[in-house]
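Residue numbers start at 1 and run along the sequence shown.
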Amino acid sequence: MSFFPWLSSPIFSQLFSYLCSRLPVSTSRRDLEIMGILASKGIEYEDSYRSFSEKERQHLLSLFNQLATANDLGVMKVEFEPLKNHLAWLLPECVISRFFKEMCNIQRARRVVKNPLEDGQVGRVAFFVSMSHVFKRSKAEKGQIFYHLTADVDQVVTSVEVEELCKILLDAYVMALKKTTDGAKWELHTNAEANHRFAKNAIQELLEKKADPSCVSPEEVISWFSKFPLIEKLFLAVMRAGFFDVESLLEAKPHGLEEGCEETVAHVQYDRSHIIMPCKFEVDFNKVDSLLDIPSIILLNHHLPQSSQHQWRLLFSTQTHGESFSAFIHQITNQGPMIIVARDTGGHIFGGFASGMGGQLNYFGFWLNEDFGSGHSRGQPSCTTYGSPVLSAEEEFKLDRLEAWGVGVPPENEAGVSLAKSVIFCLLLYKRVIFIGLATGLLVRFRAEGKGEIVEEKSVLDTNIEAKAFLEVIGKKMHSEGFREPDAN
């Protein structure tokens, strides 16, 4: 339903011009300006109202009526206290107050025409326009609102204030996440140190080569939203939890598909840029206390390909599978891209995301000995695994715990074909996140069958393609390459 259908008529501008031409000569220029502003404000409201779905409109109307009270003239308006009480579970008062001031500024912009509302009161039109600025407008307009939430109007905005707002939004997101049906079941946590690490990582993206702290302009925040969209997504998720519902943070079926957020022909056309935390975790949290906290999962997931962000599957954990190298290899074989997380006996957490292997013996970026108790991460004088730096605290490390997470849906394995997708290393070192490069690989094992096709005879190495690939990587000669098993016939 549209409150002002005539505003969207293509002949509206012509009609307005005609009416102006019929006005008395005594009509002042100020009167004409007011009429033009009234029309433009009506169009802005119509555009804001129509930018939401019918379900969203009804929800926002219901929320406005819940928060609003009538003034002496019977006009409904929202004041600060009801809004503060509505959002107090999610955000601190200082942030709510700054956002309310933004709503009041939108209301004040309408005061060039006759307006029955006083300062500190927001009507239905300004309420809808405010919601549209947050949820439906451009990055520039969202960035402006984010900037104004960092500090009071008379306060200089520096990276310190931006960092503090990042921590506030992360805290709010975690609180909202815990209120969702699925999130309440996840034994995942955060703490002040993890939140600080997350915010510092975000600020590094904002400041680039500038010193910390430094003054920050609105233009820099808008540019930051484009370069590091995770903060914009976090901001929108928190606002959605406050003004819509928390369940939307983890939509298992965000596009109405029965199979949910999967790699299906029907789904790949849809945008997944809203995903922050994986929609699904395939893990029994009663048996596993993960090495990763929520901020680390958010950062790692942000840097994964979008097709791998929606689902994480625990493939291996020393807590449940024991300290067994063979069990580790068995659990991760043919499972597609994965994240490996290790903790050494010194308490340092590190690892990477990969779907393949590479490097030279004694110069690997990440190496585990078959005894499963020790390993190394080489960076000096160079690393032959995608130029990786040293990941562990020391090049030689003693393993304390290990986890392997498959990301995205498992790859299809048909006719002996095993596909390995993108290779991105997202590394945790000294509880910091470091990203060290991108490569793309495709490992394919063919099995030719049928009349007219060449079928290779079996070799003793054909039965274990992973072992053969590993030997080739470390430069071992294939002495048994020419030896074939005798024909069974």
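Using modelled atom types, one finds a donor on one side chain and an acceptor on the other under 3.5 Å when comparing E247 with T181. For the residue pair N195 and D171, a side-chain donor N or O sits within less than 3.5 Å of a side-chain acceptor on the partner. Residues E161 and T158 bring a donor and an acceptor atom of their side chains to less than 3.5 Å of each other.
Aromatic ring pairs are classed by plane angle as parallel below 30°, tilted from 30° to 60° and perpendicular above 60°; the pair F52 and F244 is tilted. Between F146 and F225, the ring planes lie perpendicular to each other; the angle is over 60°, past the 30° to 60° tilted range. Between F281 and F285, the ring-plane angle classifies as perpendicular under the 30° and 60° cut-offs.
Under the 3.5 Å distance criterion, the side-chain polar atoms of H376 are left unmatched by any main-chain donor or acceptor of S392. Between the K210 side chain and the C215 main chain, a donor and an acceptor come within less than 3.5 Å of each other. Checked by atom type and distance alone, the side chain of T150 never pairs as donor or acceptor with a backbone atom of V162 at under 3.5 Å. Put simply, the side chain of Q309 gets close to the backbone of L304: a donor and an acceptor are under 3.5 Å apart. Side chain of T333 to backbone of I329: a donor-acceptor contact under 3.5 angstrom is found. Between the side chain of S97 and the backbone N or O of C94 there is no donor-acceptor pair closer than 3.5 Å. Between the side chain of Q311 and the backbone N or O of K280 there is no donor-acceptor pair closer than 3.5 Å.
Within the 4.5 Å cutoff, no side-chain heavy atoms of N301 are placed close to those of I276. The side-chain heavy atoms of M239 and K142, taken from C-beta on, include no pair separated by under 4.5 Å.
With respect to H321, the ring pair (Phe, Tyr, Trp, His ring centres under 6.0 Å) criterion is satisfied by exactly one of F372, F328, F316: F316. For the ring pair (Phe, Tyr, Trp, His ring centres under 6.0 Å) with F99, the lone residue among F243, F80, F127, F235 that qualifies is F243.
Dense packing is recorded around CD of Q155, with more than 12 heavy atoms of other residues, nucleotides or ligands lying under 6.0 Å away.
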Donor-acceptor contacts, no H, no angles, side chain residues 398-406, under 3.5 Å, sequence neighbours left out:
| residue | atom | partner | partner atom | Å |
| --- | --- | --- | --- | --- |
| D400 | OD2 | R343 | NE | 2.9 |
| D400 | OD2 | R343 | NH2 | 2.8 |
| R401 | NH1 | D289 | O | 3.3 |
| R401 | NH2 | D289 | O | 2.6 |
| R401 | NH2 | Q319 | OE1 | 3.2 |
| R401 | NH2 | E403 | OE2 | 3.2 |
| E403 | OE1 | S290 | OG | 3.2 |
| E403 | OE1 | W405 | NE1 | 2.9 |
| E403 | OE2 | L291 | N | 2.8 |

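For E208, the side-chain contact (heavy atoms from CB on, under 4.5 Å) test picks out K227, with sequence neighbours left out. Residues passing the ring-ring contact (aromatic ring centres under 6.0 Å, His included) test with H148, sequence neighbours excluded: none.
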